[in-house]
Protein chains: 2
Amino acid sequence: MSAAPSPRAARSRDGIPDATVARLPVYLRALLAYSERGTATVSSEELAAAAGVNSAKLRKDLSYLGSYGTRGVGYDVAYLVYQISRELGLTQDWACVIVGVGSLGHALANYGGFSSRGFRIVALVDADPARVGVTLAGVVVNPIEDLESIIAARAVTIGVIATPGLAAQEVCDRLVAAGVTSILNFAPVVLSVPDGVDVRKVDLSVELQILAFHAQRRSLREAEPATAKSRRAPAMVGGVTP
Amino acid sequence: MSAAPSPRAARSRDGIPDATVARLPVYLRALLAYSERGTATVSSEELAAAAGVNSAKLRKDLSYLGSYGTRGVGYDVAYLVYQISRELGLTQDWACVIVGVGSLGHALANYGGFSSRGFRIVALVDADPARVGVTLAGVVVNPIEDLESIIAARAVTIGVIATPGLAAQEVCDRLVAAGVTSILNFAPVVLSVPDGVDVRKVDLSVELQILAFHAQRRSLREAEPATAKSRRAPAMVGGVTP
DNA sequence: AAGCACTTGTGAACGCGCGAACAAACTCGG
DNA sequence: CCGAGTTTGTTCGCGCGTTCACAAGTGCTT
């Protein structure tokens, strides 16, 4: 019983669970919507509904950041926006480079959510000479050969890979070698990187296939409701039958 | 070729964990790479390395599908490709509609991974009259007014929302009302849908912010190593000591 | 000033997925 | 035909994340 009020000092700096970090941007977006609407304070119940999560989970998530929020009242919207932004590192600017200016690269360069919150696209590069020189969203496309010099000169910390799958690993290696430690990968490959490099993957194909799985499962359920026996059958998996 | 040594395994229809379902597409992609390379069988160790996961996890994941695979040998690549494809519902065609043909919609329409595995884009719709009539990836853009009739006529089961955030919820409601039960959402909003509808979200902004969090944490660690107190405390956090 | 309604922050139980270790099963060589 | 080597399928313990439930704290009303 650790009734003693000295927990392991989950003091905010260290030890924010990954699951919480993944939800903070969602909270932040909901808070910004409240802010634009002129709302001064929100309760955990309201904010949780807007973010699509449980209110208890939201409170626990926010408690990792600190004891912002006032009992009996709720959370001050502007204050919480600032705190979450600071924790996520959005109070500083992040220089990004997009590698690969195909149709996806075009969409990314034009994407508003990029530049809106501290993420600045400082360079676009592509291996295709036909694309080099084109100006896109106010940035000119450079040849892939200049990747390392651009990263060094512009202090790029985030690399976005929007190349075909075959080129992705090589581009990744070059990004890492040039000092980039945060990579957002849209190519359909599993990238291997050394420790200390953070890779996040956005895979449209995977999402579609997950949707297809659930859709098929639904249609199968409707097709044969007769076999309701195996519906949520508990403790059958332990099949000892030899 | 396919040894097909396992006659049973007809069950396991129910109860595949979501975490496993999310990894099956990754396994499938790795298997297809082996298949194209001409490899006939793979061990769980090899396949796990290619997919970037633990081999025990891979074996457990595959065991949910059934007892495919041969002890002492490994998994037959072609056979496993078929089994995973069938489980994911990729042996049938899925009719998709893309709503919103901005730069992102363009990229999605041109995306190869869409049509390659049973996902067919049967319609593109947009609210902007200037975009209606344009042909994109072999499909003509229709006005948003025709959404319901298109869904009914083409038996659309998957809806892709690539609209601005403000229009997303309304589009979602119309999709659901028209009978679509699988939705892939690219708009930066939390969609509310009734039970029985499956929504998956792809959010570039969220991924960037997660990257920024970890990047900031890294830079803070390097900046002040003085507070090494909370530095990777080994096995002390486990709190076994009462 | 004191009670009341309301909301946060958190302690504790629960469930799930992950990882390691092991037995069953199969192939191959002698 | 049998034993050695290999690999799958599964069992078990563990740690993380989610959820419930409640005490503590705040503002408002009387």
Side-chain angles (χ1 to χ4, degrees), chain A residues 1-12 15-24 27 40-49 51-76 79-80 83 232 234-242, chain B residues 3-6 8-9 11-12 15-24 27 40-49 51-77 79-80 83 233-240 242:
Chain A
M1 335 255 194
S2 54
S6 65
R8 198 41 75 234
R11 263 292 145 254
S12 77
I16 297 184
D18 286 348
T20 295
V21 173
R23 284 187 292 267
L24 288 180
Y27 303 155
T41 62
V42 286
S43 68
S44 64
E45 208 77 37
E46 295 171 293
L47 188 54
V53 300
N54 189 304
S55 68
K57 194 192 300 190
L58 178 120
R59 287 199 298 276
K60 181 157 285 195
D61 283 343
L62 294 184
S63 76
Y64 287 116
L65 309 185
S67 270
Y68 317 129
T70 309
R71 296 170 191 238
V73 178
Y75 297 92
D76 183 278
Y79 186 54
L80 196 53
Q83 291 297 344
R232 280 192 169 254
M236 297 186 64
V237 189
V240 197
T241 55
Chain B
S6 51
R8 265 324 93 217
R11 62 164 192 219
S12 81
I16 298 184
D18 286 349
T20 294
V21 174
R23 284 187 293 268
L24 288 181
Y27 303 155
T41 61
V42 286
S43 68
S44 64
E45 208 77 36
E46 295 171 294
L47 188 54
V53 301
N54 188 303
S55 68
K57 195 193 301 188
L58 176 112
R59 288 197 299 273
K60 181 172 288 187
D61 284 343
L62 294 184
S63 75
Y64 286 116
L65 309 185
S67 268
Y68 317 128
T70 309
R71 297 173 189 229
V73 177
Y75 297 92
D76 183 279
V77 173
Y79 187 53
L80 196 53
Q83 291 297 343
M236 301 183 67
V237 191
V240 190

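By convention in this document, chain letters (A, B, ...) are assigned in the order of the sequence lines, proteins followed by strands, and residues within each chain are numbered from 1.
Rounded to whole Å, the distance from CG on A/Leu65 to P on C/dT8 is 14 Å. The interatomic distance linking A/Tyr64 (OH) with C/dG9 (P) rounds to 13 Å, in whole Å. C/dT7 atom C1' lies 13 Å from atom CG of A/Leu62, rounded to whole Å. When rounded to the nearest whole Å, the span between CD of B/Glu45 and C1' of C/dA20 equals 12 Å. Rounded to an integer number of Å, the gap from B/Tyr68 OH to D/dG9 P is 11 Å. Atom CG of A/Leu47 and atom C1' of C/dT7 are 14 Å apart (whole Å).
Nearer to the 5' terminus of DNA chain D, by closest-nucleotide assignment, is the contact made by B/Val42 (compared with the other of A/Asp18 and B/Val42).
Checked by distance alone, A/Lys60 brings a side-chain donor or acceptor within 3.5 Å of a matching partner on the base of D/dT19. Within 3.5 Å, no donor on the side chain of A/Lys57 pairs with an acceptor on the base of D/dG17, nor the reverse.
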How does protein contact run along nucleotides 21-30 of chain C, one letter per nucleotide 5' to 3', with B for base contact, S for sugar-phosphate only, - for none, heavy atoms under 4.0 Å?
B--BBBS---
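The shortest heavy-atom contact between A/Tyr75 and A/Tyr68 is CE2-O, 3.4 Å. The two residues B/Ser55 and B/Ser44 make their nearest non-hydrogen contact at CB-O, 4.0 Å. Here the closest non-hydrogen pair linking A/Asp76 and A/Thr41 is CA-CG2, 4.2 Å.
An OP1 or OP2 oxygen of D/dG9 is reached within less than 4.0 angstrom by a side-chain nitrogen or oxygen of B/Tyr75. In this structure, A/Asn54 reaches the D/dC20 phosphate: one of its side-chain N or O atoms is under 4.0 Å from OP1 or OP2.
Considering CG of A/Leu58 and CD of A/Glu46, their distance stands at 11.5 Å, rounded to 0.5 Å. Considering OG1 of B/Thr20 and CG of B/Leu62, their distance stands at 9.0 Å, rounded to 0.5 Å. One distance of note links CD of B/Gln83 with CG of B/Leu24; it measures 11.5 Å at 0.5 Å rounding.
Residue contacts shown for A/Thr20 are absent, as no nucleic acid heavy atom lies under 4.0 Å away.
Take A/Arg23 and apply the side chain to side chain donor-acceptor pair (under 3.5 Å) test, not counting sequence neighbours, and it matches A/Tyr27, A/Asp61.
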